[in-house]
Amino acid sequence: MLARAMADRTLNSTFAALADPTRRAILARLASGDASVAELARPFSMSQPAISKHLKVLEHAGLISRGRDAQRRPRRLEGKPLAEATKWLERYRRFWEGNYQRLDALLEELKTDQRKRGSTKR
């Protein structure tokens with residue numbers, strides 16, 4: 001039960017962090033490689049302290065980590081929380097795909113019935 005509660009907390013933190021478009025943009029940038037706070041702040045019209053707050057949320061969620069390169073503290077993307085969120089979402093994707101397949105089959109059946117009725121009216 002404790003492991004389940006921790007997994008739920010991890011997912012909650014991940015999805016809360018992903019809810020913000022600025023944080024998603026930061027993650028997208030980090031997907032192409034490590035970056036400093038200044039590099040991450042550059043495309044945004046907000047202060048460096050505001051970017052730092054976003055980075056703290058991402059770090060708390062485990063989505064990024066802070067490295068050390070001489071005087072630099074580059075941030076890097078951490079894949080594990082995203083992989084866990086993807087795994088969780090995958091169950092629901094399979095559910096919806098099953099629903100869409102049943103809907104496709106029903107629509108095809110209705111089209112077939114309609115064609116049969118149309119050909120008998122002539």
- Can you name the residues that form a side chain to side chain donor-acceptor pair (under 3.5 Å) with Ser52, not counting sequence neighbours? none

- Here the gap from Gln101 atom CD to Leu106 atom CG, rounded to the nearest 0.5 Å, amounts to 14.0 Å

- Query: Would a hydrophobic clustering, with Ile, Leu, Val, Met, Phe, Trp and Tyr connected at side-chain separations under 4.5 Å, put Phe95 with Leu103?
  - Reply: no

- Task: Test Gln48 against Val37 for side chain to side chain contact (heavy atoms under 4.5 Å, CB included), laying out the working first.
- Result: CA-CA 7 Å; Gln48 199 158 330; Val37 174; 3.5 Å; yes

- Message: Distance check, rounded to the nearest 0.5 Å: Arg42 atom CZ versus Ile51 atom CD1?
- Response: 11.5 Å

- Message: I need the Arg94 CZ to Glu90 CD distance, nearest 0.5 Å.
- Response: 5.0 Å

- Message: Minimum heavy-atom separation for Met46 and Ala50, please, with both atom names.
- Response: SD-CB, 4.0 Å

- In one Ile/Leu/Val/Met/Phe/Trp/Tyr side-chain cluster, 4.5 Å: Val57, Leu18: no

- Task: Flag the pair Thr14 / Glu84 as yes when at least one side-chain heavy-atom distance between them is below 4.5 Å, and no otherwise.
- Result: no

- Atom CG of Leu55 and atom NE2 of His60: how far apart are they, to the nearest 0.5 Å? 14.5 Å

- Residues in salt bridge (Lys or Arg N to Asp or Glu O under 4.0 Å) contact with Glu109, at least two apart in sequence or another chain: none

- Measuring from Glu78:CD to Leu27:CG, what's the distance to the nearest 0.5 Å? 11.0 Å

- Is there a side-chain contact between His54 and Thr22, using heavy atoms and a 4.5 Å cut-off? yes

- What distance do Glu39 atom CD and Ile26 atom CD1 have between them, rounded to the nearest 0.5 Å? 12.5 Å

- Note on the structure: On a heavy-atom basis, the closest approach of Ala85 and Leu11 is CA-CD2, 3.7 Å

- Message: Can you give me the closest heavy-atom contact between Ala17 and Arg23, atom names plus distance?
- Response: O-NE, 2.9 Å

- Task: Just do the side chain to side chain contact (heavy atoms under 4.5 Å, CB included) check on Arg73 and Ser36 with the steps written out, would you?
- Result: CA-CA 6 Å; Arg73 302 271 189 275; Ser36 68; over 6 Å; no

- Side chain to side chain, Leu77 and Asp34, heavy atoms closer than 4.5 Å: no

- Query: Does any non-hydrogen side-chain atom of Trp88 lie less than 4.5 Å from one of Thr10?
  - Reply: no

- Where Gly62 and Pro81 come nearest, the two heavy atoms and their spacing: O-CG, 3.2 Å

- Query: Above 12 or not: heavy atoms from other molecules or residues under 6.0 Å from CZ of Arg91?
  - Reply: yes

- What one should report as the nearest heavy-atom pair of Ala19 and Arg24 is O-NH1, 3.1 Å

- Message: One thing to verify: whether Glu59 and Lys53 come together as a salt bridge, which I'm taking to mean a side-chain N less than 4.0 angstrom from a carboxylate O.
- Response: no

- Before giving the answer on side chain to side chain contact (heavy atoms under 4.5 Å, CB included), spell out for Arg75 and Leu58 the whole-Å C-alpha distance, their side-chain angles and the decisive distance to 0.1 Å. CA-CA 10 Å; Arg75 295 331 195 257; Leu58 292 168; over 6 Å; no

